[in-house]
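Down below is the structure, laid out as structure tokens.
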Number of protein chains: 2
Amino acid sequence: MSEIAVRLRDVVAASDAYRQTTARLLGLGVPETTILVHLLHDGPRTPTALARRVGVTPASVTAQLDRLELAGHVVRQANPRDRRSVLVALTPAGRALVDRIFAVFRADVARGTADTDPAILDEVARILGEVSQHLTERAHDEPGMARDLGLQTAR
Amino acid sequence: MSEIAVRLRDVVAASDAYRQTTARLLGLGVPETTILVHLLHDGPRTPTALARRVGVTPASVTAQLDRLELAGHVVRQANPRDRRSVLVALTPAGRALVDRIFAVFRADVARGTADTDPAILDEVARILGEVSQHLTERAHDEPGMARDLGLQTAR
DNA sequence: ATCTGTGGTTCGACCGTCGAGATATCAGTC
DNA sequence: GACTGATATCTCGACGGTCGAACCACAGAT
């Protein structure tokens with residue numbers, strides 16, 4: 001029995017601790033670093049798009065962005081397409097910071113996969129992609145989730 | 001390029017959302033469910049052991065346990081070996097609850113790995129174990145982490 | 001022009017976490 | 001047996017993070 005689920009639980013727990021340490025060393029909160037990493041990979045985004053990605057409400061993102069902007073890591077730019085909204089982008093300094101953060105993380109992950117056949121690693125990456133997609137879908141399927149957890153579908 | 005690191009980031013993000021939904025549906029906080037799952041896999045533990053496992057301070061665990069005990073999911077038992085400490089154990093009701101939680105999670109993970117050769121899955125599990133171990137070690141190695149992040153080892 | 005929907009922010013309240021301090025106990029040492 | 005230093009837990013006060021509700025500006029449809 002492979003029991004991937006248990007290993008995933010461990011990975012998530014380890015990542016929690018890892019992110020916490022990283023954030024504290026940088027004088028940031030975990031949510032801030034999360035937003036920075038998403039901005040690095042997705043490019044400039046609106047606050048609500050970020051909120052959906054990170055899984056919190058837009059109100060929370062506002063507070064995070066205030067901090068990040070004050071620290072000079074991001075800027076809010078006017079959105080030429082829609083004057084209601086703003087685009088959040090990394091500043092050069094913020095970009096340099098999150099580059100370092102993710103580079104260190106990548107190196108640490110590589111340390112755990114160093115002696116593994118690259119072909120296998122491709123397969124691992126594929127599977128992780130599938131799993132994260134399924135988990136994301138399920139996380140947004142509250143009725144189904146409630147049913148499988150054995151809850152009354154009350155009200 | 002396999003880019004396991006990016007996939008891992010996605011998995012962690014998905015798991016965050018997943019845990020949030022699960023907890024909210026059950027009327028619990030995310031930290032409570034985390035503690036419950038650890039208790040399921042590790043058996044009865046002291047509050048400080050739980051705190052180390054979860055990555056928070058004992059003070060925080062105290063509050064969580066108060067809630068969980070009030071809800072009837074866990075009990076604090078006297079520790080016959082050490083009268084300073086207590087052992088936290090799942091009640092039958094709590095055990096049934098966390099069994100459901102983890103069973104649903106396992107099923108959702110399986111949904112993403114269904115069409116994969118079991119031999120490959122064993123390999124994936126092994127790699128995930130390695131990665132989580134390395135990440136955990138690093139999370140506790142603050143000096144090394146600070147150095148790699150390019151921080152002054154100030155003060 | 002009007003209406004409905006959406007994006008962003010502010011405000012007030014609550015939860016979760018932490019650090020410091022207090023108490024009880026343990027494991028040694030004298 | 002008494003003393004010392006370390007450990008386990010809890011309490012308390014403070015702060016950060018999140019949420020829901022309300023608000024305004026604007027977009028898009030009619």
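Rounded to an integer number of Å, the gap from CG of B/Asp66 to P of D/dT9 is 13 Å. For the pair A/Leu50 CG and C/dT9 P, the computed distance is 11 Å after rounding to whole Å. Note: CG (B/Asn79) to C1' (D/dT7) measures 13 Å, nearest angstrom. Between B/Arg81 atom CZ and C/dA27 atom C1' the separation is 15 Å, expressed in whole Å. In this structure, the CG atom of B/Leu87 is 15 Å from the C1' atom of C/dT25, given to the nearest Å. Here the P atom of nucleotide D/dA8 and the CD atom of B/Gln77 are 18 Å apart, to the nearest Å. Atoms CZ (A/Arg45) and P (C/dG7) sit 14 Å apart, rounded to a whole Å. A straight line from CG of B/Leu65 to P of D/dC10 spans 7 Å, rounded to a whole angstrom.
If you find the closest nucleotide of DNA chain C to A/Thr48 and to A/Gln20, the one lying nearer the 5' end belongs to A/Thr48. With DNA chain D read from its 5' end, the first of the two nearest nucleotides for A/Asp82 and A/Val61 is the one closest to A/Val61.
Linking ILVMFWY side-chain heavy atoms closer than 4.5 Å, directly or via other members, places B/Val30 and B/Leu50 in two distinct hydrophobic clusters. With hydrophobic clusters built from ILVMFWY side chains whose heavy atoms lie under 4.5 angstrom apart, A/Leu25 shares a cluster with A/Val104.
OP1 or OP2 of C/dG8 has not a single side-chain nitrogen or oxygen of A/Thr62 nearer than 4.0 Å. At the phosphate of C/dC18, OP1 or OP2 sits under 4.0 Å from a side-chain N or O atom of B/Ser60.
Nucleic acid contact class of A/Arg76 (heavy atoms, under 4.0 Å, all strands): sugar-phosphate only. Nucleic acid contact class of A/Arg67 (heavy atoms, under 4.0 Å, all strands): sugar-phosphate only. Heavy atoms of B/Val30 sit nowhere under 4.0 angstrom from any nucleic acid atom.
Looking at every heavy atom in both residues, A/Val131 comes nearest to B/Val109 through CG2-O, 4.3 Å.
Between the side chain of B/Arg84 and the base of D/dT7, at least one donor-acceptor pair of N or O atoms lies under 3.5 Å. Applying the 3.5 Å distance criterion, the base of C/dT25 shares no donor-acceptor pair with the side chain of B/Arg83.
Of the candidates D/dT18, D/dC19, C/dG8, C/dG8 carries the atom nearest the A/Ser85 side chain, counting heavy atoms from C-beta on.
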Exercise for the section: Walk me through it: do B/Thr116 and B/Thr113 pass the test side chain to side chain donor-acceptor pair (under 3.5 Å)? Expected result: CA-CA 6 Å; B/Thr116 304; B/Thr113 61; over 6 Å; no
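Within the structure, every pair that satisfies the salt bridge (charged side-chain N to carboxylate O under 4.0 Å, His left out) test and touches residues 55-67 of chain A, not counting sequence neighbours, is listed here: A/Glu32-A/Arg67, A/Asp66-A/Arg76.
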